[in-house]
Amino acid sequence: MQGGMFPMDVRVRYAPSPTGLQHIGGVRTALFNYFFARSQHGVFILRVEDTDQGRSTPEALQDLYDTLGWLGVKWDEGPLVGGPHGPYIQSERFGLYQEYAKKLVDDGKAYPCYCSESRLAQLREAQTAAKSKEQGYDRHCRNLTAEQRTRYEDQGIKPVIRLKVPLEGSTTFHDVLMGDITRKNRDVNPDPVLLKSDGFPTYHLANVIDDHLMKITHIMRAQEWIPSGPLHVLLYEAFGWKVPTYCHLPMVMGKDGQKLSKRHGSTSVKEFREKGYLPEALTNYVSMVGWSYDGVKEFFTKDELETLFTLEKINKAPGVFDYKKLDWYNGMYIRAKSDSELAQLLTPYLIQASFVSDPPEQEHVSLIEKIVPIVKERLKVLSDVVDMTRYLFKDLPAPKIEELLPKNQDAATTVRALRKALPIVKRIGTRPDEELEQEIVSIANEMGIKINGIFMPIRVAVTGSTVSPPLFDSIRLLGLDTALLRLERAVTILSHQMGN
RNA sequence: GGUCCCUUCGUCUAUCGGCUAGGACAAGAGAUUCUCAGUCUCUAGAGAGGGGUUCGAUUCCCCUAGGGACUACCA
């Protein structure tokens with residue numbers, strides 16, 4: 001089965017740090033890795049990079065699991081499912097990084113640094129003030145004598161371990177999309193920290209060690225990592241390891257061309273989920289920013305993406321996340337649902353709005369079934385159902401006169417129109433819409449007013465809004481009694497107005 | 001500031017040297033004898049600028065401009 005078609009044993013990973021909710025950019029990376037693995041009959045690995053003890057939280061970890069679960073992204077190796085190269089949570093591999101860091105020090109590829117945070121802060125400040133070309137660490141501890149080191153050790157200073165970046169030469173790495181990227185070694189971070197003083201590795205160290213140990217073949221990550229590519233290659237070389245294939249993914253931007261952030265709107269998958277975006281819509285849309293199949297086909301099931309996805313079709317340029325287009329996709333996917341599926345999806349939102357109980361009473365279950373066909377083509381997101389159907393579940397505040405009055409139509413005319421329409425409304429249950437509508441039209445013609453001169457006040461009276469699902473259906477769902485009550489109230493309000 | 005990356009309609013994209021530059025979202029117009037939505041039809045809208053290479057450049061090369069990312073004991 002393997003062999004000819006997929007000669008390379010593809011192993012890729014999504015390696016987020018659980019420091020916040022999973023966001024659009026992150027899941028796009030996860031999705032691309034996952035699709036690539038599937039399309040190549042390879043292995044998709046999840047690895048949790050929780051080496052920042054200050055920022056990692058259990059909530060964020062849970063959100064990671066929830067999000068991937070919601071999207072239907074299953075990892076072949078990783079936390080919860082295990083695998084031959086575990087553990088897959090970096091904090092559980094704590095000792096390992098220290099061993100490897102020590103090895104680097106022993107080999108003269110890295111060194112302990114005793115500089116205090118305050119010295120580094122001062123250094124940084126001085127550099128920015130002087131607009132110095134030299135930015136970053138000044139390699140103060142690079143060539144400490146054994147004697148100097150023991151003196152620091154005796155003071156009880158816990159050192160960090162820094163990589164000895166070569167002072168000369170340059171480092172090149174190959175990127176599937178970008179081609180060769182070369183950087184002079186003197187432009188690489190001057191001796192970045194590998195192991196922090198709390199004993200945890202930095203991203204650079206942990207990521208290289210784990211990718212090697214987990215036999216990762218392709219590193220697909222966001223383009224923001226390009227600048228540290230040469231540094232990672234230097235690390236692989238220091239260890240004497242094979243460098244994996246890189247594929248830096250274009251970034252996801254906001255409308256203003258900056259990295260997508262909260263200022264642009266929702267960015268966490270959780271928010272999208274809560275608003276009522278469907279996982280298939282989000283997956284489909286997110287996959288289309290930075291990747292395309294042929295520029296024409298735009299609907300892809302997850303299964304299709306798992307076979308059609310190719311690295312070659314990934315775009316190089318960053319892409320703007322278009323909320324409107326996501327809405328469009330979501331609407332399309334909502335309309336593709338069967339009525340009963342949609343009823344199931346909508347129910348939680350009605351429960352949350354306390355329109356119905358949890359679980360809904362039988363009477364409400366059948367009402368929801370009837371609601372579905374009239375809201376289906378109007379929903380952008382599932383939560384829209386709440387505002388759309390409030391009038392069916394809740395008492396309405398008395399409508400205001402201005403809302404009741406159509407444009408260019410006075411109260412007296414409106415009251416007359418309403419009264420004439422009343423008998424029609426009363427027979428609503430037994431007549432087809434076309435007939436009812438025809439009768440309304442006749443009245444309007446008789447009175448010499450616009451059709452909306454009748455429809456609109458009824459709509460406002462019954463639904464409390466100038467925007468609503470079709471009127472006759474709305475009244476049927478509401479029930480004739482309630483509808484008539486609301487109409488009478490409207491007539492009363494308008495009559496009052498006439499008296500003034 | 002330094003380093004690196006990017007550049008086709010407002011947005012996502014197609015084009016692997018032959019283009020009357022295609023599609024989708026958004027926008028605008030119309031139709032659907034109730035609003036909104038949906039659906040259908042139509043309209044407008046692009047290869048940053050300048051040099052090369054070539055019979056021919058959106059496509060290849062160079063420069064300029066613009067944008068972005070990175071520059072932490074964060075990832």
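Just so it is clear: chains get the letters A, B, ... in the order the sequence lines come, proteins before strands, and each one is counted from 1.
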request  = Assess the side chains of A/Ser338 and A/Glu341: does a donor N or O sit below 3.5 Å from an acceptor N or O?
outcome  = yes
N/O to N/O distances under 3.5 Å, protein versus nucleotides 63-68 of chain B:
residue : atom : partner  : partner atom : Å
B/G68   : OP1  : A/Gln258 : OE1          : 2.2

request  = Spell out protein contact along nucleotides 36-41 of chain B as letters: B when the base is contacted, S when just the sugar-phosphate is, - when no protein heavy atom is under 4.0 Å; keep the 5' to 3' order.
outcome  = BBSS--
Return the polar atom pairs (N/O with N/O) between nucleotides 29-33 of chain B and the protein under 3.5 Å, or none.
residue : atom : partner  : partner atom : Å
B/U33   : O4   : A/Gln438 : OE1          : 3.0

key: Under 3.5 Å: donor-acceptor pair, side chain of A/Gln127, backbone of A/Gly136   = yes
query = Atom CG of A/Asp473 to atom P of B/U35: distance rounded to whole Å?
reply = 15 Å
ask   = Tell me the ring pair (Phe, Tyr, Trp, His ring centres under 6.0 Å) pairs involving residues 422-476 of chain A, sequence neighbours left out?
value = A/Phe455-A/Phe472
task = For A/Ser474, enumerate each residue passing the side-chain contact (heavy atoms from CB on, under 4.5 Å) test, keeping only those at least two apart in sequence or located in another chain.
result = A/Tyr391, A/Thr463, A/Ser468, A/Pro469
inquiry  = Listing request: all salt bridge (charged side-chain N to carboxylate O under 4.0 Å, His left out) pairs with a residue in residues 442-453 of chain A, at least two apart in sequence or in separate chains.
reply    = A/Lys420-A/Glu446
note = pair_partner(B/A29), Watson-Crick or wobble, both distances < 3.5 Å, evaluates to B/U41
query = For A/Phe309, what residues pass the ring-ring contact (aromatic ring centres under 6.0 Å, His included) criterion, not counting sequence neighbours?
reply = A/Phe32, A/Trp291
note = By nearest-nucleotide position on RNA chain B, the 5'-leaning member of A/Ile226 and A/Tyr329 is A/Ile226
query = Using purine N1 to pyrimidine N3 plus N6-O4 or O6-N4 for Watson-Crick, or N1-O2 and O6-N3 for G-U wobble, both under 3.5 Å, which nucleotide pairs with B/C19?
reply = none
request  = Go ahead and name the base partner of B/U59; Watson-Crick or wobble counts if both distances stay under 3.5 Å, otherwise write none.
outcome  = none
inquiry  = Work out how far the C1' atom of B/A48 is from that of B/U39, and round it to whole angstrom.
reply    = 39 Å
key: Sugar-phosphate, base or nothing in reach of A/Leu471, heavy atoms under 4.0 Å   = base
inquiry  = Could you tell me how far B/U15 sits from B/A31 if I compare only their P atoms? Round to whole Å.
reply    = 39 Å
Side chains of A/Lys270 and A/Thr67, donor plus acceptor under 3.5 Å = no
message = Measuring only the P atom in each nucleotide, how far is B/C60 from B/U8? A whole number of Å is fine.
response = 13 Å
request  = Rounded to the nearest angstrom, tell me the gap between atom OH in A/Tyr333 and atom P in B/A24.
outcome  = 17 Å
request  = Output all residues satisfying ring-ring contact (aromatic ring centres under 6.0 Å, His included) with A/Tyr285, sequence neighbours left out; order by chain, then residue number.
outcome  = A/Phe321, A/Tyr329
message = Under 3.5 Å, is there a donor on one side chain and an acceptor on the other for A/Asp180 and A/Thr172?
response = no
query = Counting only side-chain N and O atoms of A/Lys316, is one of them less than 4.0 Å from OP1 or OP2 of B/C6?
reply = yes
Test: A/Arg119 and A/Asp138 ion pair at under 4.0 Å = yes
Rounded interatomic separation in angstrom, taking CE from A/Met456 and P from B/C34 = 12 Å
ask   = Where do A/Asp175 and A/Leu177 come nearest, in terms of heavy atoms and distance?
value = OD1-N, 2.8 Å
query = Taking NZ, NE, NH1 and NH2 as the nitrogens, is one of them in A/Asp384 or A/Arg378 under 4.0 Å from a carboxylate oxygen of the other?
reply = no
request  = Please measure how far the P atom in B/G38 lies from the corresponding atom in B/G45, and state the result in whole Å.
outcome  = 25 Å
message = Measuring from the side chain of A/Lys313 (C-beta onward, heavy atoms only), which nucleotide among B/U11, B/G2, B/U15 has the closest atom?
response = B/U15
key: Option among A/Arg162, A/Lys109, A/Arg186, A/Arg142 that satisfies the salt bridge (Lys or Arg N to Asp or Glu O under 4.0 Å) test with A/Asp191   = A/Arg142
ask   = Is A/Asp294 salt-bridged to A/Lys297, cutoff N-O under 4.0 Å?
value = no
ask   = Closest to the A/Gln223 side chain: B/C34, B/C5, B/A69?
value = B/C5
task = Describe the nucleic acid contact of A/Lys450 in one word from base, sugar-phosphate, nothing, applying a heavy-atom distance below 4.0 Å.
result = nothing
Distance in angstrom units between A/Met178 CE and B/C6 C1', rounded = 8 Å
task = Using a 4.0 Å heavy-atom cut-off across all strands, classify A/Asn315 as base, sugar-phosphate, or nothing.
result = sugar-phosphate
query = Is it true that A/Asp198 and A/Lys158 have a side-chain N and a carboxylate O under 4.0 angstrom from each other?
reply = no
query = Rounded to the nearest Å, what distance is computed from the CG atom of residue A/Leu177 to the P atom of nucleotide B/U7?
reply = 11 Å
Salt-bridge present (A/Lys324, A/Asp327; N to O < 4.0 Å) = no
message = What's A/Ser465 touching, base or sugar-phosphate or nothing? Going by heavy atoms closer than 4.0 Å.
response = nothing
Distances under 3.5 Å between nitrogen or oxygen atoms of protein and nucleotides 71-75 of chain B:
residue : atom : partner  : partner atom : Å
B/C73   : O2   : A/Ser197 : N            : 2.8
B/C73   : O2   : A/Ser197 : OG           : 2.8
B/C73   : N3   : A/Ser197 : OG           : 3.0
B/C73   : N4   : A/Cys115 : O            : 3.4
B/C74   : OP2  : A/Lys196 : NZ           : 3.1
B/C74   : O2'  : A/Asp52  : OD2          : 3.0
B/C74   : O2'  : A/Arg55  : NH2          : 2.8
B/C74   : O2   : A/Arg55  : NH2          : 3.3
B/A75   : OP1  : A/Thr51  : OG1          : 2.9
B/A75   : OP1  : A/Lys196 : NZ           : 2.6
B/A75   : OP2  : A/Tyr203 : N            : 3.1
B/A75   : O3'  : A/Glu49  : OE1          : 3.0
B/A75   : O2'  : A/Ser17  : OG           : 3.1

task = Could you check how far CD1 of A/Ile181 sits from C1' of B/C70, rounded to whole Å?
result = 12 Å
inquiry  = I'd like the C1' distance from B/C62 over to B/C25, given in whole Å.
reply    = 36 Å
ask   = Using purine N1 to pyrimidine N3 plus N6-O4 or O6-N4 for Watson-Crick, or N1-O2 and O6-N3 for G-U wobble, each under 3.5 Å, what pairs with B/G1?
value = B/U71
query = Rounded to whole angstrom units, what separation is found between the CD1 atom of A/Ile428 and the P atom of B/C34?
reply = 15 Å
message = If I pick the P atom on B/C16 and the same atom on B/U58, what distance separates them, to the nearest angstrom?
response = 14 Å
query = Listed by chain and number, what are the ring-ring contact (aromatic ring centres under 6.0 Å, His included) partners of A/Tyr246, not counting sequence neighbours?
reply = A/Phe173, A/His248
inquiry  = How many whole angstroms separate atom NZ of A/Lys324 from atom C1' of B/G28?
reply    = 13 Å
ask   = Does A/Tyr100 have any ring-ring contact (aromatic ring centres under 6.0 Å, His included) partners at least two apart in sequence or in another chain, and if so, which?
value = A/Phe239, A/Trp241
inquiry  = Let's see if you get this right: which residues in residues 283-294 of chain A place a heavy atom under 4.0 Å from RNA chain B?
reply    = A/Met288, A/Val289, A/Gly290, A/Ser292, A/Asp294
ask   = Looking at A/Glu439 and A/Arg427, does any basic side-chain N land under 4.0 Å from a carboxylate oxygen?
value = yes
